[in-house]
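Since this is a predicted model, take the numbers as computed values, not measurements. Here is how names work: the chains are called A, B, and so on, in the same order as the sequence lines, proteins then strands, and each is numbered from 1.
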2 protein chains.
Amino acid sequence: MFKALDDETRRLILDELAVRNGQTLFEICSTLTMRHGIGSTRQAISQHLAVLEDAGLVTSERRGRTKLHHFDPTPLEAIARRWPNTRKADP
Amino acid sequence: MFKALDDETRRLILDELAVRNGQTLFEICSTLTMRHGIGSTRQAISQHLAVLEDAGLVTSERRGRTKLHHFDPTPLEAIARRWPNTRKADP
DNA sequence: ACGATAGGCAAGTATTGGCTTGCATATCAA
DNA sequence: TTGATATGCAAGCCAATACTTGCCTATCGT
């Protein structure tokens with residue numbers, strides 16, 4: 001999962017899905033090109049989505065010939081759970 | 001910062017510093033070897049610590065010929081801030 | 001001063017990962 | 001069915017990076 005987050009393009013994909021869930025691959029490509037200057041090809045984005053799906057950060061459902069992608073922030077909770085704030089504890 | 005988290009050894013270093021702050025480089029090397037099976041050299045761990053420091057996740061202070069390392073979870077808050085839980089929002 | 005301890009710097013290697021290219025599959029509309 | 005749309009698969013290329021090796025600097029104890 002940490003690997004999935006270690007890429008600005010993938011983080012932007014999560015941003016866009018957080019704004020509008022259920023986007024298709026082509027929609028994501030368009031949005032990334034429009035709102036950010038991402039000029040990646042469809043295949044590149046597809047591979048990014050595969051990484052995000054493997055990490056459990058994105059779920060997908062086929063709808064005919066399209067595939068709708070949804071952002072699932074659940075795995076992010078593991079981060080806060082692993083390193084709870086200990087700032088007040090030590091000098 | 002996400003790059004810094006994308007490495008199990010570095011994550012283990014944060015774990016150990018969260019347990020006991022202010023460890024030196026050699027202490028961290030020992031702990032990683034003892035508690036986890038990490039057989040990395042001192043230089044490898046040193047480079048990991050440099051990455052963690054660049055990410056702001058670790059601070060350090062020189063104490064004579066030793067260098068004490070402290071875990072700072074503050075940058076992690078950016079994750080929760082960037083993707084607040086939207087699960088309840090959409091189908 | 002001298003040896004020992006704690007750490008830093010830098011170059012080389014080898015693996016990983018992001019991206020492209022080319023072709024294949026599946027669904028819809030006419 | 002046929003063409004167009006939407007996506008999947010796989011091999012190859014290139015840059016980033018984790019790790020090692022070897023040497024150097026600084027601090028402490030005696």
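- Atom CD of E61(B) and atom C1' of dA6(C) are 15 Å apart (whole Å).
- Atom CZ of residue R20(B) and atom CD1 of residue I28(B) lie 9.0 Å apart, to the nearest 0.5 angstrom.
- Counting only heavy atoms from C-beta on, T66(B) has its side chain closest to dA6(C) among dA6(C), dT7(D), dG22(D).
- Here H48(A) reaches the OP1 or OP2 of dC19(C): one of its side-chain N or O atoms lies under 4.0 Å away.
- For the side chain to side chain contact (heavy atoms under 4.5 Å, CB included) criterion with H48(A), the lone passing option out of L32(A), V58(A), T9(A) is T9(A).
- Put simply, CD1 on I38(B) is 13 Å from C1' on dC19(D), counting in whole angstrom units.
- Contact annotation: K67(A) side-chain N/O to dG8(D) OP1/OP2 distance is under 4.0 Å.
- In this model, a side-chain donor or acceptor of R42(B) finds a partner on the base of dG8(C) within 3.5 Å.
- Nucleotide dG12(D) holds its P atom 17 Å from the CD atom of Q43(A), rounded to whole Å.
- At dA18(D), one or more side-chain N or O atoms of R10(B) fall inside 4.0 Å of OP1 or OP2 (strictly under the cut-off).
- Between T24(B) and dA6(C) there is no side-chain polar atom (N or O) within less than 4.0 angstrom of OP1 or OP2.
- Of all nucleotides listed (dG8(C), dT17(D), dG17(C)), dG17(C) comes nearest to the side chain of K3(A).
- Nearer to the 5' terminus of DNA chain C, by closest-nucleotide assignment, is the contact made by D7(A) (compared with the other of G64(A) and D7(A)).
- Out of dT20(D), dA6(D), dG7(C), the shortest distance to the side chain of A44(B) is found at dT20(D).
- One atom, CG of L52(B), and another, C1' of dA18(D), lie 13 Å apart when rounded to the nearest Å.
- Note on R63(B): nothing from the nucleic acid sits closer than 4.0 angstrom, heavy atoms only.
- Here dA4(C) is the nucleotide among dC9(C), dA18(D), dA4(C) with the atom lying nearest to any side-chain atom of R65(B).
- Within the model, atoms SG of C29(B) and CD of E16(B) stand 12.0 Å from one another, a figure rounded to the nearest 0.5 Å.
- For H69(A) and E27(A), the side-chain atoms include no donor-acceptor pair closer than 3.5 Å.
- With rounding to whole Å, Q47(B) atom CD is found 10 Å from dG8(C) atom C1'.
- For T41(B) and dC19(D), the shortest distance from a side-chain N or O to OP1 or OP2 is not below 4.0 Å.
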